[in-house]
Asker: 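I'd like to ask you about the structure that follows.
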Amino acid sequence: MSSLVIDLFLCGVAYVVLIYFVATMTKTRINKNRNNDDDGDGGVEDLTPPKIDLPPGIVWPTDDAPKPTKPQVVEY
């Protein structure tokens with residue numbers, strides 16, 4: 001057997017062992033007594049829409065809604 005074949009075989013075995021250890025060390029551990037209510041995305045939940053700086057004269061349709069006025073009394 002040539003030394004190249006032995007080197008390739010040993011590199012393959014080392015690669016498999018290395019991948020095995022990396023996979024077992026990085027897998028997530030599941031706790032049995034923990035609630036699973038968390039969706040896992042983390043961070044602060046902010047449901048407000050972003051404030052966008054619009055050019056002059058441009059308004060959002062919800063900002064342009066007419067304000068209710070009192071009906072005027074008409075005398076005959």
Side-chain angles (χ1 to χ4, degrees):
M1 236 183 186
S2 73
S3 63
L4 178 64
V5 174
I6 294 172
D7 286 342
L8 289 176
F9 177 73
L10 290 176
C11 286
V13 170
Y15 179 76
V16 169
V17 170
L18 181 67
I19 294 300
Y20 172 76
F21 281 122
V22 168
T24 57
M25 289 182 177
T26 59
K27 73 176 182 180
T28 58
R29 290 172 172 73
I30 299 172
N31 294 337
K32 293 180 182 178
N33 297 333
R34 189 177 139 199
N35 285 341
N36 289 332
D37 296 340
D38 186 21
D39 57 358
D41 62 353
V44 177
E45 187 173 338
D46 186 17
L47 299 177
T48 58
K51 194 69 172 171
I52 300 175
D53 187 24
L54 297 174
I58 306 296
V59 293
W60 289 105
T62 56
D63 294 341
D64 197 26
K67 295 177 175 58
T69 59
K70 288 185 186 177
Q72 297 180 357
V73 177
V74 179
E75 295 181 16
Y76 290 107

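Below, each value reflects all heavy atoms present in this structure, side chains not excepted, and no hydrogens, waters or symmetry copies.
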Asker: Cluster question for you: counting only ILVMFWY and a side-chain heavy-atom cut-off of under 4.5 Å, with indirect links fine, are M25 and I19 together?
Answerer: no
Asker: So among I6, D7, V13, which one has a side chain to side chain contact (heavy atoms under 4.5 Å, CB included) with F9?
Answerer: V13
Asker: How many angstroms lie between SG in C11 and CG in L18, if you round to the nearest 0.5 Å?
Answerer: 11.5 Å
Asker: Which residues pass the side chain to side chain contact (heavy atoms under 4.5 Å, CB included) test with V5, not counting sequence neighbours?
Answerer: M1, S2
Asker: Write down the atom of V22, the atom of T26, and the distance for their closest heavy-atom approach.
Answerer: O-OG1, 2.8 Å
Asker: If we check side chain to side chain contact (heavy atoms under 4.5 Å, CB included) with V17, which of these qualifies: Y15, Y20, F21?
Answerer: F21
